[in-house]
Amino acid sequence: MTSSGSLARKILRLVINCLIAFSLVGIVAAAETAELIDDHPVRLAPYVEVLEDATGQLSPFDIQLPELADRWVKNESSRVNRGYSGSVIWLRFQLDAAQSIHKEWDLVFANPLLEYLDLYQIFDASGPRLIYRGGMSRPFNSRSQNHRYFIVPVSVYQPTTYLLRLESSPLTPSTITAYPSNQFWTPLQQADIVNWLFYGVILAMVFYNLFLFSTVRDFSYLYYVLFVFSFGTLHLSLDGYLYQYLWPLERGYDFRVNFWLTHLTVIFAGLFIAHFIDLKRIAPRLFWLLLLLVMLQPVGMVLAYFWPRDTYAMVLTIALYLKLITAVLVGLYAWRKGMLAAKFFVLAWLLFAIGNILYLMLRSGWLDFDLNPMWASKTGGFAEAMLLSFALAHRIRVLRDDRERARMRAEAQSQFLAQVSHEIRTPLNGVLGMTEVLSRTSLNGEQRECVNLIQGSGQSLMSLINDILDYSKLEAGKMILHPDRIDPRSLTEQQTQLFQSQAEQKGLTINLSIADEVPTRVVLDVQRLRQILSNLLSNAVKYTEQGRIDIELSLLTQPSPCLLWRIKDSGIGIPDEALSTLFTLYQQVEEHRQAWAEGTGLGLAICRDLVELMDGKITVQSEVGKGTEFNVWIPFEMQLHRDLSEDGTSPNSTRLSTLNILVAEDNMVNQRVIQGLLEKMGHKVFLVSNGREVVEHYQQEDRHCDVILMDCEMPELDGYAATEAIRRFEHEQGLMPIPIVALTAHALEDVHQRCLKAGMNEFLTKPINTRRLARVLDSL
């Protein structure tokens with residue numbers, strides 16, 4: 001009974017094996033055979049049948065079962081593509097080398113992004129046998145060939161069937177080609193050469209535009225460099241070079257790197273577009289929308305950890321379509337707005353969008369024709385790199401032309417203001433000079449009041465002219481500091497005393513507090529420091545109707561030595577919305593100061609620029625109805641030698657009781673002014689009307705003089721040429737140089753430097769400041 005049962009089981013097993021064998025014959029017969037011909041590579045996609053394994057659990061034995069026979073589908077595409085299905089797929093194909101002298105062939109799977117690739121050969125007796133195992137998720141050092149593609153050597157002596165289990169990331173179409181043994185190297189190396197030429201162009205664009213960024217400091221170039229670099233790195237990853245050369249050999253590749261590089265490319269592309277087109281200016285809403293898209297990219301990078309890859313890839317693909325189209329539309333908008341470089345920009349992004357949309361549609365299977373998706377993307381990227389280089393070069397020309405026009409405009413403005421200043425200062429010198437002379441005579445009370453009003457109005461006009469010239473120099477970048485030894489204590493006390501009478505007339509109290517540790521010898525530009533303090537104190541007195549003004553001077557030692565002036569008033573205050581524009585040109589707080597507002601609105605703007613020019617800082621705090629506080633920090637250098645005069649500007653010197661002064665001045669009014677001032681000061685004056693006369697007068701042996709006051713613009717021979725002639729004469733005769741002081745209505749630094757270059761010793765501007773004139777004469 002036992003032996004008969006055993007025999008029955010053997011018979012049953014034999015019947016089952018026969019049925020399986022017949023079914024296998026049926027399966028093999030159903031596959032279309034790829035004929036391998038001598039020296040001709042064969043694309044295998046048309047000979048492939050595909051079975052989708054949704055669970056990923058089927059074995060090579062399972063898929064041969066009869067119940068799965070109707071699930072095999074002939075591949076109708078030029079490549080094998082799983083799209084967004086998320087399933088493992090099995091491929092079945094048959095090779096026949098009967099008509100070829102080559103029996104050894106190489107199967108090349110030309111997609112480096114296949115994660116798991118297991119190839120089985122079916123043997124009649126034993127069924128499927130694993131002959132190759134590879135994939136990007138397996139270590140690179142496990143490959144038989146050192147290449148980014150998967151290369152499998154096979155022996156084909158008779159019609160042979162192969163099963164391929166393929167597990168890949170989304171959008172990884174596979175091209176399978178059979179080459180005669182070792183004949184695949186030439187075409188693959190040719191493809192590599194073209195690839196590296198593409199990367200060479202990308203690298204050249206990176207270095208070239210990085211150089212331009214270092215030169216012009218335009219962030220469009222930096223964002224373009226980062227965009228091109230991230231796009232090139234993304235292609236390095238998609239081509240498999242990043243895995244082959246830069247990834248650890250003992251570790252499998254992480255496909256999410258492609259997602260992250262895609263997001264980085266989008267980030268830098270968005271920043272480049274926004275900055276290059278200046279969207280914030282021409283389309284603020286579009287700028288903030290684009291900025292929002294950029295800010296969402298890091299969120300997408302994080303989501304790559306959590307979302308299913310196929311779902312994530314589908315969402316990302318749709319988003320990329322929209323972003324590519326958006327880039328083109330933004331360029332068209334800029335073109336419509338009149339941006340000249342936008343035509344290059346639009347064409348560049350249009351070609352880039354076409355190339356990469358083709359790439360995405362080919363990889364996703366939405367389009368199917370014999371074109372390598374990577375070449376579509378690279379062609380679009382190459383065209384864009386070239387055209388954007390033209391756009392950036394055009395931008396350089398525009399910026400250069402703009403800078404040249406700005407320079408010419410600044411020079412023209414400077415020359416115009418200098419001429420206007422000269423023409424205004426000349427008659428103003430007569431007004432202020434003669435009133436100064438008149439004030440030194442015997443006057444009754446009414447007359448002195450009239451003289452004081454004339455002087456006050458003239459000084460206000462002079463202050464206005466100086467403000468305009470100073471801002472012009474600051475705007476043109478021509479303001480130069482002249483550091484000197486000063487006593488900040490004495491200077492602060494002097495400036496406070498200047499406004500004491502105005503404060504007393506309004507019933508205000510001015511309190512000055514100077515910390516004991518404030519040094520008495522520092523190096524700063526006294527003229528600019530006095531200008532800053534005068535503006536702030538003038539505003540404090542002007543906009544305070546009752547109460548007090550507190551002035552504090554203290555020393556800060558950290559992080560570097562710095563003087564701090566704090567000027568606080570109990571005036572009308574400044575509203576919060578006006579504080580942000582307080583230091584802006586032409587700004588006045590009209591709503592709260594309309595009753596008292598005067599001037600050009602230049603004062604605080606000049607203060608800010610002068611403080612910044614001195615490497616300092618100025619801040620303001622205010623509350624409407626309670627007052628305003630300005631804080632000025634100015635760094636300084638210590639001066640350890642030489643005593644300072646009381647006015648804080650120069651050392652003490654011995655004054656000559658009487659000087660013989662030769663005055664070169666062609667304007668009759670100015671002659672009377674300077675003569676009257678000098679004679680009131682006790683000096684003897686000789687007048688000449690042009691440069692030729694001053695040279696002749698100096699060269700006469702019987703005409704001795706101690707100082708020459710030289711006007712710069714005179715007929716026949718101007719002051720510069722006259723000074724040079726005098727210096728040549730002194731050199732030829734071996735004479736000691738006579739002090740020559742420029743006395744001119746020009747107040748620009750260029751004129752000052754030209755005077756010094758001609759050989760003059762000092763520089764005074766009209767209208768004449770009597771105290772300044774006295775100090776200069778004392779110091780000569």
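It should be emphasised that the depicted structure is a prediction, and the values quoted were computed from it without experimental measurement. Just so you know, residue 1 is the first one in the sequence shown, and it goes up from there.
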Exercise for the section: Please lay out, stage by stage, how Tyr221 and Phe211 fare under the test ring pair (Phe, Tyr, Trp, His ring centres under 6.0 Å). Expected result: CA-CA 9 Å; Tyr221 296 93; Phe211 168 75; over 10 Å; no

Handout entry: Derivation and outcome, side chain to side chain contact (heavy atoms under 4.5 Å, CB included), residues Leu537 and Gln495
Key = CA-CA 8 Å; Leu537 289 172; Gln495 293 303 117; 4.0 Å; yes

Handout entry: Side-chain heavy-atom pair Leu210, Tyr208 within 4.5 angstrom cut-off
Key = no

Problem - Expected output: side-chain Lys617 to main-chain Val632 donor-acceptor under 3.5 Å - result: no

Exercise for the section: Could you go through the side chain to side chain contact (heavy atoms under 4.5 Å, CB included) check for Ile532 and Met614 one step at a time? Expected result: CA-CA 11 Å; Ile532 294 168; Met614 300 170 77; 4.0 Å; yes

Practice task
Heavy atoms only: give me the nearest Ala540-Ile567 pair and the separation to one decimal.
Solution key: CB-CG2, 4.3 Å

Practice task
List the steps and the verdict of side chain to side chain contact (heavy atoms under 4.5 Å, CB included) for Ile726 and Met710.
Solution key: CA-CA 12 Å; Ile726 290 171; Met710 185 79 74; 4.1 Å; yes

Handout entry: Interatomic distance, Leu553 atom CG to Leu512 atom CG [nearest 0.5 angstrom]
Key = 8.0 Å

Handout entry: Within-4.5 Å side-chain heavy-atom neighbours: Phe763 and Val751
Key = yes

Problem - Stepwise side chain to side chain contact (heavy atoms under 4.5 Å, CB included) test for Val685 and Ile674 - result: CA-CA 9 Å; Val685 181; Ile674 189 64; 5.7 Å; no

Handout entry: 4.5 Å side-chain heavy-atom contact, Thr628 and Tyr543
Key = no

Practice task
Would you mind reporting whether Cys705 and Ile661 have side-chain heavy atoms less than 4.5 Å apart?
Solution key: no

Handout entry: pair Phe636-Ile634: side-chain heavy atoms closer than 4.5 Å
Key = no

Problem - Carboxylate-amine/guanidinium proximity below 4.0 Å for Asp778 and Arg775 - result: no

Handout entry: Presence of salt bridge, Arg727 and Glu730, under 4.0 angstrom
Key = yes

Handout entry: Nearest atoms (heavy-atom pairs only) where Leu508 meets Ile549
Key = CD1-CD1, 4.3 Å

Handout entry: Minimal non-hydrogen separation, Ala515 against Ser554, with atom names
Key = CB-CA, 4.0 Å

Exercise for the section: Kindly give the heavy-atom pair with the smallest separation between Gln500 and Ile510, and that separation in Å. Expected result: OE1-CB, 4.0 Å

Practice task
Report the distance from atom SG of Cys607 to atom CG of Leu536, rounding to the nearest 0.5 Å.
Solution key: 4.5 Å

Exercise for the section: Find the distance between CE (Met760) and CG (Leu743) and round it off to the nearest 0.5 Å. Expected result: 10.0 Å

Exercise for the section: Write down the atom of Asn690, the atom of Glu716, and the distance for their closest heavy-atom approach. Expected result: ND2-OE2, 3.6 Å

Handout entry: Nearest-0.5 Å distance, CG of residue Leu491 to OG1 of residue Thr520
Key = 13.0 Å

Exercise for the section: Enter the distance from Leu662:CG to Tyr698:OH here, rounded to the nearest 0.5 Å. Expected result: 10.5 Å

Problem - Between Ser220 and His275, a side-chain donor and acceptor under 3.5 Å - result: yes

Problem - Polar contact flag, side-chain donor to acceptor under 3.5 angstrom, Asp550-Asn511 - result: yes

Problem - Flag, side chain of Thr723 to backbone of Gly759, donor-acceptor distance under 3.5 Å - result: no

Completion exercise
Closest non-hydrogen atoms of Ser534 and Phe499, given as atom of the first, atom of the second and distance, are O-CZ, 3.5 Å

Problem - Side-chain heavy-atom pair Leu677, Glu679 within 4.5 angstrom cut-off - result: no

Practice task
Establish, from distance only, whether the side-chain atoms of Arg672 and Gln675 form a donor-acceptor pair under 3.5 Å.
Solution key: no

Practice task
Give a yes or no answer on whether the side chain of His683 reaches the backbone of Leu678 with a donor-acceptor pair at less than 3.5 Å.
Solution key: no

Problem - Phe729 atom CZ: more than 12 heavy-atom contacts under 6.0 Å - result: yes

Practice task
Could you verify whether a donor N or O on one side chain and an acceptor N or O on the other, from Glu665 and Ser689, lie under 3.5 Å apart?
Solution key: no

Practice task
Would you check if Leu659 and Lys684 make a side-chain contact, meaning some heavy-atom pair closer than 4.5 Å?
Solution key: no

Practice task
Can you measure from CE (Met681) to CG (Leu777) and round to the nearest 0.5 angstrom?
Solution key: 5.5 Å

Problem - Carboxylate-amine/guanidinium contact Arg692 Glu696, below 4.0 Å - result: yes

Exercise for the section: Examine distances only and state if a side-chain atom of Asn761 and a backbone atom of Ile740 form a donor-acceptor pair shorter than 3.5 Å. Expected result: yes

Problem - Those residues that, when tested against Arg754, pass side chain to side chain donor-acceptor pair (under 3.5 Å) (two or more places apart) - result: none

Exercise for the section: State, with a plain yes or no, whether a side-chain heavy atom of Val518 is found less than 4.5 Å away from one of Pro488. Expected result: yes

Handout entry: Short side-chain to backbone donor-acceptor contact, Lys506 and Lys542, under 3.5 Å
Key = yes

